[in-house]
Every structure is written in C-alpha cells, then in structure tokens.
Engineer: 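Starting off with a structure, shown below.
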Amino acid sequence: QVQLVESGGGLVQAGDSLRLSCAASGRTFSSWNMGWFRQGPGKEREFVATIDWSSYFTDYADSVKGRFTITRDNAKKTVYLQMNSLKPQDTAVYYCAASRLANSDPADYTDWGQGTQVTVSS
C-alpha cells in the first residue's frame with residue numbers, strides 16, 4: 001500500500017503551464033507503476049497518463065499527447081505531471097494513483113490521492 005498526496009494545482013489561463021506533483025509514502029514506491037487521472041465537472045474519471053516503475057514505459061490519453069509529460073523520481077518518491085498549453089477542457093480534479101499494472105484502466109489502480117484542482121480559464 002502507498003499513500004499519495006497531490007499538489008500543484010491552481011487557476012491558470014489558456015496556454016499556460018502547470019506542474020503537478022504526487023508525493024508518496026511507503027518503502028516500495030519504486031516498485032509501483034503510477035498514473036494520473038482527472039475528473040471534470042459532470043464527467044467520469046478519465047485516464048491522463050501512466051508511467052512504469054522504471055520510467056521506461058509511458059502512455060498518454062490522446063487528448064493530452066504532445067502537451068503533458070509524466071515523469072517520476074524514485075529517490076524522492078514523487079511522480080510529476082508537466083502540463084503545457086493548457087486548455088479550458090483540461091479543467092478537472094487531477095488524481096494520482098498507484099498500480100501493479102501500467103495501463104489506463106482506473107480499476108487496476110489500488111491507491112489514490114485526494115486530488116488537486118486545475119482550472120483553466122479562457
């Protein structure tokens with residue numbers, strides 16, 4: 001089990017950038033695959049990005065490819081989501097999560113953070 005705390009959200013304008021962080025506690029962070037998901041107003045939770053334990057494999061939702069980058073620092077037990085060229089449709093609560101599988105299915109993620117709000121104004 002791993003405990004996760006997101007930070008870095010805020011209110012920005014379209015075209016701006018933000019970097020979200022997700023700090024983990026627990027001794028086995030480096031063995032977990034990590035993902036970012038988001039839930040917009042009135043929408044279901046959706047996959048954003050995932051990274052495997054070694055940072056060798058990453059995957060992104062089509063809606064964020066080329067704009068968002070997921071990275072991790074196992075020494076710091078932290079996973080990041082760099083978000084560039086933000087759009088109003090990126091407005092959502094962003095969650096990080098841990099899984100034994102690096103994929104896009106939220107059902108495979110066993111531990112979740114509390115979320116951080118990102119609001120993009122036009």
Side-chain angles (χ1 to χ4, degrees):
Q1 189 175 13
V2 59
Q3 289 75 46
L4 304 169
V5 178
E6 302 96 334
S7 62
L11 172 63
V12 297
Q13 294 185 331
D16 286 350
S17 298
L18 273 178
R19 188 176 81 157
L20 305 183
S21 298
C22 174
S25 61
R27 293 178 293 178
T28 60
F29 173 76
S30 61
S31 67
W32 289 90
N33 303 300
M34 300 297 296
W36 285 97
F37 293 80
R38 67 187 182 185
Q39 188 165 14
K43 298 181 180 179
E44 294 185 353
R45 190 169 298 187
E46 64 175 359
F47 167 74
V48 175
T50 188
I51 187 168
D52 79 341
W53 66 273
S54 68
S55 300
Y56 179 79
F57 171 80
T58 59
D59 193 22
Y60 299 89
D62 288 342
S63 59
V64 307
K65 279 181 181 176
R67 300 188 298 122
F68 291 11
T69 303
I70 187 171
T71 58
R72 67 189 293 164
D73 185 333
N74 286 342
K76 295 182 178 180
K77 297 183 181 179
T78 302
V79 61
Y80 305 97
L81 185 68
Q82 178 67 43
M83 306 186 294
N84 299 329
S85 303
L86 282 162
K87 304 175 181 180
Q89 51 264 47
D90 294 319
T91 295
V93 177
Y94 283 72
Y95 300 88
C96 70
S99 174
R100 293 302 185 187
L101 300 172
N103 63 18
S104 62
D105 187 350
D108 288 330
Y109 288 75
T110 56
D111 298 279
W112 293 80
Q114 82 291 346
T116 185
Q117 177 70 48
V118 172
T119 303
V120 185
S121 64
S122 57

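Side chains included, hydrogens not; waters and symmetry mates left out as well; all remaining heavy atoms used.
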Engineer: How far does CH2 of Trp36 sit from OH of Tyr95, to the nearest 0.5 angstrom?
Structural biologist: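 Result: 12.0 Å between the selected atoms.
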Engineer: Working to the nearest 0.5 angstrom, can you tell me the gap between Asp73 CG and Thr71 OG1?
Structural biologist: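 That separation rounds to 8.0 Å.
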Engineer: With rounding to the nearest 0.5 angstrom, report the CE to CG distance, Met83 to Leu18.
Structural biologist: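 Result: 4.5 Å between the selected atoms.
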Engineer: Check for a donor-acceptor pair, side chain of Thr110 on one end and backbone N or O of Ser99 on the other, with a separation under 3.5 Å.
Structural biologist: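 No, the answer is negative, given that no donor and acceptor are paired below the 3.5 Å cut-off.
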Engineer: Linking Ile, Leu, Val, Met, Phe, Trp and Tyr through side-chain heavy atoms less than 4.5 Å apart, which residues share a cluster with Tyr80?
Structural biologist: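 Tyr80 clusters with nothing; isolated.
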Engineer: Step by step, would you call Phe29 with Met34 a side-chain contact (heavy atoms from CB on, under 4.5 Å)?
Structural biologist: CA-CA 9 Å; Phe29 173 76; Met34 300 297 296; 3.9 Å; yes
Engineer: Rounded to the nearest 0.5 Å, how far apart are CG of Asn103 and CG of Asp108?
Structural biologist: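 Asn103 CG to Asp108 CG: 4.5 Å, rounded to 0.5 Å.
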Engineer: List in chain and number order the residues that pass side-chain contact (heavy atoms from CB on, under 4.5 Å) with Ala97, two or more places apart in sequence or in another chain; answer none if no residue qualifies.
Structural biologist: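 Result, side-chain contact (heavy atoms from CB on, under 4.5 Å) vs Ala97: Phe37, Tyr109, Trp112.
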Engineer: When rounded to the nearest 0.5 angstrom, what is the spacing between OG1 in Thr116 and CG in Leu81?
Structural biologist: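 Result: 11.0 Å between the selected atoms.
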Engineer: When you group the ILVMFWY residues by side-chain heavy-atom contacts below 4.5 Å and let the links chain together, are Phe47 and Val79 in the same group?
Structural biologist: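 In one cluster with Val79: Phe47, no.
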Engineer: Taking only residues two or more places apart in sequence or in another chain, which ones pass salt bridge (charged side-chain N to carboxylate O under 4.0 Å, His left out) with Arg67?
Structural biologist: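 For Arg67, the residues satisfying salt bridge (charged side-chain N to carboxylate O under 4.0 Å, His left out) (neighbours in sequence not counted) are Asp90.
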Engineer: Donor-acceptor pairs are to be reported for all side-chain atoms of residues 55-63 against protein atoms at under 3.5 Å, with residues two or more places apart or in another chain.
Structural biologist:
{"unit_1": "Tyr60", "atom_1": "OH", "unit_2": "Ile70", "atom_2": "N", "d": "2.9"}
{"unit_1": "Asp62", "atom_1": "OD1", "unit_2": "Lys65", "atom_2": "NZ", "d": "3.3"}
{"unit_1": "Ser63", "atom_1": "OG", "unit_2": "Arg38", "atom_2": "NH2", "d": "3.4"}

Engineer: Any side-chain heavy-atom pair from Val5 and Gln114 closer than 4.5 angstrom?
Structural biologist: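 Yes - at least one pair of side-chain heavy atoms lies under 4.5 Å apart.
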Engineer: Verify, without hydrogens or angle tests, whether Ser122 (side chain) and Ala14 (backbone) share a donor-acceptor contact under 3.5 angstrom.
Structural biologist: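 No.
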Engineer: Would you compute the distance between atom CG of Leu20 and atom CZ of Phe68 and round it to the nearest 0.5 angstrom?
Structural biologist: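 Leu20 CG to Phe68 CZ: 8.0 Å, rounded to 0.5 Å.
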Engineer: Return yes when atom CD of Glu44 has more than 12 non-hydrogen atoms of other residues, nucleotides or ligands closer than 6.0 Å, and no otherwise.
Structural biologist: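 Not buried by this count: 12 neighbours or fewer within 6.0 Å.
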Engineer: Could you check Asp111 against Gln1 for side-chain contact (heavy atoms from CB on, under 4.5 Å), going step by step and ending with a plain yes or no?
Structural biologist: CA-CA 7 Å; Asp111 298 279; Gln1 189 175 13; 3.2 Å; yes
Engineer: Do Thr91 and Gln89 pair up side chain to side chain, a donor and an acceptor below 3.5 Å, judged on atom types alone?
Structural biologist: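 The answer is no; no qualifying pair exists.
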Engineer: Does any N or O in the side chain of Glu6 come within less than 3.5 Å of the main-chain N or O of Gly115, such that one atom is a donor and the other an acceptor?
Structural biologist: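 Indeed, once roles are kept as given, a pair shorter than 3.5 Å links the two residues.
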Engineer: Distance alone, cut at 3.5 Å: any donor-acceptor contact between the side chains of Asp52 and Asn33?
Structural biologist: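 Judged by distance alone, the side chains do not pair up.
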Engineer: Without swapping roles, check the side chain of Thr78 against the backbone of Lys76 for a donor-acceptor pair under 3.5 Å.
Structural biologist: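 Checking the backbone N and O of Lys76 against the side chain of Thr78, a donor-acceptor pair under 3.5 Å is found.
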Engineer: Can you see which heavy atom on Gly26 is nearest to which on Lys77, and at what distance?
Structural biologist: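 Nearest heavy atoms, Gly26 then Lys77: O-NZ, 2.8 Å.
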Engineer: Please examine the side chains of Ser31 and Arg100, heavy atoms only from C-beta on, and report whether any two atoms are closer than 4.5 Å.
Structural biologist: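 Counting from C-beta outward, Arg100 and Ser31 do come under 4.5 Å.
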Engineer: Check side-chain contact (heavy atoms from CB on, under 4.5 Å) between Ser30 and all other residues, then give those that pass, not counting sequence neighbours.
Structural biologist: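 Applying side-chain contact (heavy atoms from CB on, under 4.5 Å) to Ser30 gives Asn74.
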Engineer: Going by the side-chain hydrogen bond (donor to acceptor under 3.5 Å, both in side chains) test, which pairs reach into residues 16-26, not counting sequence neighbours?
Structural biologist: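 The answer is Gln3-Ser25, Ser17-Asn84.
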